[in-house]
2 protein chains.
Amino acid sequence: MPHSPITRQSLAAADAADSLAPCRDRFALPENILYLDGNSLGPLPAATPAAIADAVTRQWGQGLIRSWNDEAWIDLPASIGAAIAPIIGAAPDSVIACDSVSVNLFKLAAAALGMRPGRRVIVCETEDFPTDRYILEGLATLADAEIRAVRRAEIAAALDQGTALLVLTHAHYASGEVHDMAALSTAAHAAGALILWDLSHSAGALDLHLDRDGADFAIGCGYKYLNGGPGAPAFAYVAARHRAGFHPPINGWMGHVAPFDFAAAYTPAPGVRRLLAGTPPILAMAALAAGVATFAGVDMRVAEAKSTALVAAFAALVAQTCPEFAVQPPVPRHSAQIVLRHPHGRRIMTALIARGVIGDFRPPDRLRFGFPALYTRFTDTWDAVQILRTILDTGEWQDSRFDTLGTVS
Amino acid sequence: MPHSPITRQSLAAADAADSLAPCRDRFALPENILYLDGNSLGPLPAATPAAIADAVTRQWGQGLIRSWNDEAWIDLPASIGAAIAPIIGAAPDSVIACDSVSVNLFKLAAAALGMRPGRRVIVCETEDFPTDRYILEGLATLADAEIRAVRRAEIAAALDQGTALLVLTHAHYASGEVHDMAALSTAAHAAGALILWDLSHSAGALDLHLDRDGADFAIGCGYKYLNGGPGAPAFAYVAARHRAGFHPPINGWMGHVAPFDFAAAYTPAPGVRRLLAGTPPILAMAALAAGVATFAGVDMRVAEAKSTALVAAFAALVAQTCPEFAVQPPVPRHSAQIVLRHPHGRRIMTALIARGVIGDFRPPDRLRFGFPALYTRFTDTWDAVQILRTILDTGEWQDSRFDTLGTVS
């Protein structure tokens, strides 16, 4: 973006030149809403209502139990995993859709401990999204391991001969800041440790290369950039070199090599399929499949570059139009979001939502705005900042009813 | 059922007298199908397509992230749990809908180990559905515990001062045989152990009294008798006396007392809410809510009695009409299903399904038929057995294409 003032006209020109602009038609976005929260919950893909209705009414209602075979329900975790794989730079058979990010983190971190006998330390990042640390601490209590949480700058130095695993979120949930996957994977391996990447804020936003960049394990979210619906199933990745040698502790029948033999002894399925435990949630899987399909034909380099440009435009517009905000300046590489800080951030975000500009708020003072490449327009950045200016000018955010912003948004 | 030959007329009279007969209208059953597999996958409730379409198109599509609050998405695990509670004889705040049966078993069995320090043995049943044992063995490897699998007759004798937990499936997945919950809970407690009941084949089929009968923990399935859809979320029960003292090992943000504080330290939510880990799957939860709602106003004593009568009628009709089958005789108390045994069971079941009588097959020789009370008619038992007779008479089951019965049904 240029340093001279940005105009709406220049942004409209950027939209006209945008090769991803037609992807917006893949979504059913409401009228009169500027949705800048796809980093928290992706919007409804246009194809999803019919896909779900078919899964409910025809596949379940008419097909009943027969659809496990006739509609290949049983293969959905693997087939959706294979569809996610190219979005994250992974081989198709190294990804599976299942459970939640939390449960997948537990399973893979436990498997990693088993692969590094004698090492009992899991290193993670103090500033990470707290749930990852909660999960690791729960695992450590059960499995007699130790969690070492360190600050971002101290990660590499914290790795030593006792480290079994390094767990990092690739793109930070608030700042959007991105770790160097290749460098940190190399650092972990140099210490003899494994590395697990949480891609919740990366998958579908950034140009990822898990296989190339040395990841051992990864987990990620289906309901943010992958547009799989609220609470969509998550996914998990295991590098090809570990497919035979990792053993998650939640050994359910769907992860058995032959679930329908009902054998007394557990024999794990090959590769990522052994991450399955219970019966896959088919209706949620159908929505996730439709969400992942919104990425058909999308080059993630182009998607990341567009989101980077959108964030830059938004940051410049805020600086130009709303100087009362501390804009957390975009770092050289970041996910498809940006944070503005303001002591009255909660009320201001609530007032924005009331005017149809939907972002979210994270304590204590962070207004978070997302710019996924598939459906966000450059002109949206202009329109959102104009409304932000209006809210500041009218003082309407001071209305006390705006204290009631709900917990999630 | 009388010992004199059963007639279709007498069964039609039983339907006419059945107080639960109107409940069949709560389901969208396909024409020309006799569905006798609701013990494996409950059929589509009539209200579900509209409920799902609303969740997808209005709540997600239009409401977007705002629906976490505006539509009380965030409360669905607890509100569905409260709706399940009366079906299983539990206090409303002792049940929560989340994850899968497998994952919930892992969480609660691990919590039980933590509540019995010094005791490292989990007793389970050799003949149980294999996945429960797989899960327990995975937990034992991780948490340095021991699994002692014993035969059904040896359960009480296997409990001793080293036993932390007894895990039993209340109604057997194949035979339908039911354990005495009160007696075995008492036996476990007498040994100083806790007891966990898997209600996958009981909840929604039998008259259960978890609170009264001394259960400590329970897990159960949403997609069988609760009609929640393929792979629906499961549920978990924790007795009120344990609400503050149990600590599942998968500590996700949704189980935190204040998830949206993003606190560095994990503080568990009160009671069953701490079983939540990741973000709840809303579309699947919406289907589960509609499934559980099919039980509105149903007295489970009446439901169990009706299913018992249906099973008795079916068994008598098979004995009367198809003597080539070994009918596993209904035990005094059993779930809403029965097993027929035949060396060519797989082909015969496939031929039945081809004629629209849907049961399922379990190796090596078991044809399984379910008779859920809400939608099965007494005349269905007659019609199914007549078609079975026809298949035997024509010999059509010997067609080699009937070797291809899929894995799940």
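Within every chain, numbering begins at 1; the chains are lettered A, B, ... in the order of the sequence lines, protein sequences first and strands thereafter.
- Neither the backbone nor the side chain of B/Phe27 comes within contact range of chain A, judged by heavy atoms closer than 4.5 Å.
- For A/Ala287, the part sitting under 4.5 Å from any heavy atom of chain B is the side chain, from C-beta outward, and nothing else.
- For B/Ala265, the part lying under 4.5 angstrom from a heavy atom of chain A is the backbone only.
- The two residues B/Pro45 and A/Trp60 make their nearest non-hydrogen contact at CD-CH2, 3.6 Å.
- Of the residues considered (A/Pro230, A/Ala110, A/Gly278), A/Pro230 shows the highest number of contacts with chain B, using heavy-atom pairs under 4.5 Å.
- Contact annotation for B/Ile250: both backbone and side-chain heavy atoms come within less than 4.5 Å of a heavy atom of chain A.
- Of the atoms belonging to A/Ile135, heavy atoms from both backbone and side chain fall under 4.5 Å from chain B.
- In terms of heavy-atom pairs under 4.5 Å with chain B, the best-connected choice from A/Ser67, A/Ala53, A/Gly61 is A/Gly61.
- Looking at heavy atoms from C-beta onward, A/Ile52 lies in side-chain contact with B/Val56 at the 4.5 angstrom threshold.
- When each of A/Thr141, A/Leu142, A/Leu139 is checked for a side-chain contact (heavy atoms from CB on, under 4.5 Å) with B/Pro249, only A/Leu142 meets the rule.
- Only the side chain of B/Ile33 comes within less than 4.5 Å of a heavy atom in chain A; its backbone stays farther off.
- Contact of B/Pro280 with chain A is made through the backbone alone, with heavy-atom distances under 4.5 Å.
- For B/Asn227, the part lying under 4.5 angstrom from a heavy atom of chain A is the backbone only.
- Contacts between B/His247 and chain A at a heavy-atom distance below 4.5 Å are absent for every atom of the residue.
- Counting all heavy atoms, side chain and backbone alike, A/Gly138 lies closest to B/Asn251 at CA-ND2, 3.3 Å.
- Looking only at heavy-atom pairs under 4.5 Å with chain B, the residue among A/Cys221, A/Ala277, A/Pro364, A/Ala284 that has the most is A/Ala277.
- Interface check for chain A: of the options B/Ala28, B/Ala232, B/Pro43, the most heavy-atom pairs under 4.5 Å are formed by B/Pro43.
- In this structure, B/Ile65 and A/Ile358 have side chains that are in contact, with non-hydrogen atoms separated by less than 4.5 Å.
- Inter-residue side-chain proximity for A/Pro30 and B/Leu64 is flagged as met; some heavy-atom pair is nearer than 4.5 Å.
- A/Thr131 contributes a side-chain N or O that, together with a main-chain N or O of B/Trp253, makes up a donor-acceptor pair within less than 3.5 Å.
- Scanning both residues, A/Ala263 and B/Pro130, for their nearest heavy atoms gives O-CB, 3.3 Å.
- In this structure, the portions of B/Thr57 lying under 4.5 Å from any heavy atom of chain A include both its backbone and its side chain.
- Chain A forms the most heavy-atom pairs under 4.5 Å with one residue out of B/Phe129, B/Tyr134, B/Trp73, and that residue is B/Tyr134.
- Of residues 99-107 of chain A, those residues with a non-hydrogen atom less than 4.5 Å from any non-hydrogen atom of chain B are, in numerical order, A/Asp99, A/Ser100, A/Ser102, A/Val103, A/Phe106.
- Put simply, CZ on B/Arg66 and CG on A/Leu41 are 11.0 Å apart, with the number rounded to the nearest 0.5 Å.
- A distance of 11.0 Å separates OH of A/Tyr266 from CD of B/Glu137, quoted to the nearest 0.5 Å.
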